[in-house]
Amino acid sequence: MSKYDYLIVGAGLYGAVFAQEAARAGKNVLVIDRRPNIAGNVYTEDIEKIHVHKYGAHIFHTNDKKVWDYVQRFATFNRFTNSPVANFRGELYSLPFNMYTFNRMWGVVTPEEASEKIEEQRREAGISEPKNLEEQAISLVGTDIYEKLIKGYTEKQWGRPCTELPAFIIKRLPVRLTFDNNYFNALYQGIPVGGYTGMVANMLGGAQAQTGEDFGKGAVSVASGSIEVHVGVDFFDSEGAPREDLKALADKVVYTGAIDAYFRYKLGYLEYRSVRFETELLDKPNFQGNAAVNYTDSETPWTRIIEHKWFEFGKDDEGNDIPKTVISREFSSEWKPGDEPYYPVNDEKNGKLYEEYKKLAQCEENVIFGGRLGEYKYYDMDKVIDSALQMCEKENL
Ligand code: UDP
């Protein structure tokens, strides 16, 4: 008999939700993570009382009432609304594309004038069926907005020309003929008060993450099951192969790392974008007056600057009375072995290679692949949670 029912590789959102549900169903779960902390890329770290989104900005938003109700069990959410600003060579524009953006860009005042302007630019471009991101963007908002607010940002973010990128990426952004700067078309939105790390810790049953491999100690009871968490434990051995000794500890493995890494890249490397953050503590209370400013020109080397204190809506008079501020510049780069993978490049070439890896994954007995990296999918947080919950149902948990 194995010691645990499930070994969960990765203490991010997918792993934490799965652990929570499995333990509630009476299973004993071991969670490991290579990093020295839980919470994967939603990890938040405190600097000068500011919760810093260490692996990139995360704003929780969903239309799914079930998922929203689910996360409420583990955190209180503030009512932060994402409304990033685009900075194009010193000109500031509202995002997502809405009447404020169109007014600033063209001086148009009414929705009718704005849609005429977009229609005119669309006609001039002569695109009937958009085949790539560039054509999709021009069809949605016209050439001016494409040139000033999309092209530079997207090519820095993805490291590829917009003509070679899939159209769906840009469809993430709403286009509105109303004065509404809310970035997301979502019924529910917010950020956990106190940061995401606490929310994930609660999903993990409040287990104190232990360092190292001293398995069998420190499990916490969750309903009739238990969760034990060890950080700083790599699932892979020095040769890059999944560790058989770890697998033997449990009946089943839930693997949330990169799918190609699991198979030691034997069919080739899937492409990912990586992000490097330059984080600075500044001796001033307010740097940019907003949580996110996107630099949409092609010359500025970073894609955006995040000022973390503005995520904490409602805290301390919205952060103004903290005399300091923490900012992170984001630099996007092509992933190479040893880097952290962030964004899967879901184009045709990678899609095909992923399908091949997926076939291998399906033949891998007693291993479940899940999450953004395990499924090579540009998932938002709510979709990750939903997919973990669905997997739990499949497992009869
Ligand atoms: N995008 C853009 N200009 C912007 C912001 C976003 O062209 O100012 C495009 C870009 O291609 C990006 C995509 O929209 O990859 C999705 O942006 P989102 O903010 O959803 O990306 P994430 O927050 O996941 O990095």
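Whatever order the structure lists ligands and atoms in, that order sets their numbers, starting from 1. Below, each value reflects all heavy atoms present in this structure, side chains not excepted, and no hydrogens, waters or symmetry copies. The structure presented is a predicted model; accordingly, all values stated were derived computationally and were not measured.
Within 4.0 Å of ligand 1, the residues that place a heavy atom are L95, L149, I150, Y153, T154, Q157, W158, I169, I170, R172, L173, Y183, N294, T296, R304, Y343, Y378, listed by chain and number.
Among pairs with a residue in residues 279-298, those fulfilling salt bridge (charged side-chain N to carboxylate O under 4.0 Å, His left out) read E280-R329, at least two apart in sequence or across chains. Every pair tested for salt bridge (charged side-chain N to carboxylate O under 4.0 Å, His left out) that includes a residue from residues 366-379 fails, sequence neighbours excluded, so the list is empty.
Across all their heavy atoms, H51 and D46 have their closest contact at ND1-OD1, 2.5 Å.
Inspection of the S226 and N28 side chains reveals an N or O donor paired with an N or O acceptor under 3.5 Å. No side-chain donor from either of E340 and Y272 sits under 3.5 Å from a side-chain acceptor of the other.
For F80, the ring-ring contact (aromatic ring centres under 6.0 Å, His included) partners are F311, not counting sequence neighbours.
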